[in-house]
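Index from 1, following the sequence.
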Amino acid sequence: MALFSHTASANSGFEDPNDPSLFVPADKQHSSWLESIGPGQGPVRRNSVKADAHENVKSFYHARYCLSCHEGQQKNLHYARTELVCRDCHISKPVAGINNPNAAAYAEHRYEKVCAKCHENAGPGMGSYLIHEKPPWSSQTREGFPALYWSTMAILALAFGVFLFFMPYTSVWAWREIRQHWKQRGKTTQADGQSLLIERFSPGERWLHTTLIVCFMLLSLTGVAWMTIETEFGKLLALPFAGAEGTVWIHRLFGLLLLGIFSAHIIYLIRSAVIGKPGFLRGPDSLVWSWNDFKAIHQHMAWLFGRREHPVFDRWSWWQKFDYWAVWWGLVIVGTTGLVMFDSVLTTSVLPGWMMNVARWIHKVEAILAMAHIFVVHFFIESYRPSAFPLNAHIFHGAAELQALEQEHPAWIERMQNEGNLQQRVITQPPRAVQIAFFGFGLSMVALGLLLLLGMLLFAVELSF
């Protein structure tokens, strides 16, 4: 139960226990810069040094339901997802204010008298975890918890920036391709089944991508389930994982697995760079951005509006490089914040507890950004747009039509022809059953992604927890 709620029991016939006249500014004293950016001390009740925080509230009685006055304070993880109620933490009778040294929830000994009841071996750091946090973008958070406010603003700016660019971009791209395909309807350039197939991706690249898909979709599924676990939608998603507790552990398990794969990939990149693999970092097969990629963005945008020719791509287009590096920044952000939240007792033994408040919001916003980008932008490029519809399955079976590659990656085909390597990449079409399996898997991932995206939109109110 928070004693500083700004919401009173309107029309209840009782006076407001949160009347600002009952409070005085707190005497803030910070011994370190971490304290200065962490959750600050809010206004203090005039009688907070006494045992009873409700001494001046004439309508208070011990049997009264806390939320009848302190509305909205149940909007926190402890209240929503456990059986805890207000008096389980604010346990002194009569209820003492959190600024009262005699109160169980007093910051200096909160970890021992409150937190340790559920979190065994909780240390002093856990006491600074903010249970009743305000929305991280609110003015109260900006003034009282700057670390949460500015970190959330930064990650939201990243999310809005990505979609501010890609949503109009992909919309115009879709319109351009729809018009182009409409004009070319009925035209055929080559008989079906006669196109030469070129190996686009190696077996190792295909297995790595498939493993990434499985981990990402399971993390998305369990993450959305946990974010909306109070709803029927969340409970339905959690059902295959034996409920909420199983969902959380599956999420953690595959999060660790994905971080392990990411770490192995980094080791592979370092090893390849050190042993001097030709063109690994700066060659035409490299995924490292170059100035030509920035020029390609400008040229492709001009092409969308019919003002320039389509840019000539080598093995990778600029948006493929963007998706590759987006995985890097996404895994770094959600990985580090996920580790911070993995074990609250271990984390708060070395970090202040409010770091978990910050980590939770950064983790949540970046995860939503990653899911929305994959399910909207990436799926558009590889599935929704007319030239890829219903699914670009190259990454699954590795085979791409030479004719299609000559249109989308002509510089790569020309380079292989000049180097005499094109014939070595000619492969046969995989068996029909394998193709059906690949398409079934890919399309099911697209369908699952759209379902999760729709669920997040419909139950967005629950994301505030």
Side-chain angles (χ1 to χ4, degrees), residues 158-192 194-198 200-201 209 284 287 289-327 369-396 399-415 439 442-443 445-447 449-450 453-454 457:
L158 174 64
F160 282 120
V162 168
F163 282 97
L164 191 63
F165 174 80
F166 273 106
M167 292 309 295
Y169 192 96
T170 52
S171 298
V172 176
W173 193 353
W175 174 245
R176 171 65 191 262
E177 286 209 0
I178 290 172
R179 290 183 58 191
Q180 184 175 347
H181 277 254
W182 178 258
K183 291 179 180 179
Q184 296 178 350
R185 67 190 185 281
K187 296 180 181 180
T188 57
T189 57
Q190 192 168 359
D192 293 340
Q194 299 299 313
S195 180
L196 198 63
L197 296 177
I198 303 299
R200 179 82 172 104
F201 300 100
H209 184 266
L287 282 163
W289 276 69
S290 67
W291 178 243
N292 288 333
D293 294 306
F294 291 99
K295 292 193 295 184
I297 295 175
H298 178 266
Q299 185 174 347
H300 194 251
M301 293 178 68
W303 171 79
L304 293 178
F305 293 96
R307 301 185 63 182
R308 295 187 64 179
E309 294 293 325
H310 194 283
V312 176
F313 294 119
D314 203 282
R315 187 175 183 188
W316 311 111
S317 61
W318 72 263
W319 57 81
Q320 290 169 336
K321 290 187 177 182
F322 178 89
D323 281 351
Y324 173 78
W325 290 106
V327 173
L369 165 61
M371 286 186 284
H373 178 79
I374 292 295
F375 302 155
V376 177
V377 178
H378 184 72
F379 282 0
F380 162 79
I381 294 174
E382 303 299 340
S383 184
Y384 308 150
R385 63 188 175 109
S387 59
F389 188 84
L391 179 73
N392 185 345
H394 300 168
I395 190 62
F396 297 114
E401 296 79 5
L402 176 61
Q403 182 183 354
L405 291 175
E406 287 175 337
Q407 293 179 356
E408 294 198 2
H409 301 274
W412 184 49
I413 298 300
E414 182 180 358
R415 179 164 58 89
F439 268 91
L443 291 176
M445 294 299 99
V446 172
L450 293 177
L453 188 63
L454 179 62
L457 291 174

Is the number of heavy atoms from other residues, nucleotides or ligands under 6.0 Å of W175 CH2 greater than 12?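 For W175, atom CH2 is not crowded (no more than 12 foreign heavy atoms under 6.0 Å).
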Decide if atom OH of Y324 counts as having more than 12 heavy atoms of other residues, nucleotides or ligands within a radius under 6.0 Å. yes
Check whether W325 reaches the backbone of L287 with its side chain - one donor and one acceptor, N or O, closer than 3.5 Å.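 Judged by distance alone, yes, a pair lies under 3.5 Å.
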[Y] and [X], any side-chain heavy atoms less than 4.5 Å apart:
X    : Y    : value
L304 : Y169 : yes
V162 : H373 : yes
R415 : D314 : yes
F396 : F201 : no
W318 : K295 : no
H409 : Q320 : yes
L402 : L197 : no
V376 : Y384 : no

Does the ring centre of F165 sit less than 6.0 Å away from the ring centre of F322? no
Does the ring centre of H310 sit less than 6.0 Å away from the ring centre of F313? yes
Verify the distance criterion only: is there a donor paired with an acceptor across the side chains of W173 and E177 at less than 3.5 Å?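 Side-chain D/A pair, W173 to E177: present.
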Is it the case that R308 and H300 place a side-chain donor and acceptor less than 3.5 Å from each other? no
State plainly whether the residues R315 and E408 are in salt-bridge range, i.e. N to O under 4.0 Å. no
Ignoring hydrogens, what is the shortest heavy-atom contact between [X] and [Y]? Give both atom names and the distance.
X    : Y    : value
P168 : F163 : CD-O, 3.7 Å
V446 : S383 : CG2-OG, 4.3 Å
P311 : A296 : CG-O, 4.0 Å
F379 : G449 : CE2-CA, 4.4 Å

Looking at [atom1] of [X] and [atom2] of [Y], how far apart are the two atoms once the value is rounded to the nearest 0.5 Å?
X    : Y    : atom1 : atom2 : answer
H378 : T170 : NE2   : OG1   : 13.5 Å
S317 : W412 : OG    : CH2   : 12.5 Å
W319 : I381 : CH2   : CD1   : 6.5 Å
L405 : E414 : CG    : CD    : 14.0 Å
E401 : R200 : CD    : CZ    : 12.0 Å
M445 : I374 : CE    : CD1   : 13.0 Å

Start with the C-alpha distance between F294 and W289, add both sets of side-chain angles, then the distance that settles side-chain contact (heavy atoms from CB on, under 4.5 Å), and finish with yes or no. CA-CA 8 Å; F294 291 99; W289 276 69; 3.8 Å; yes
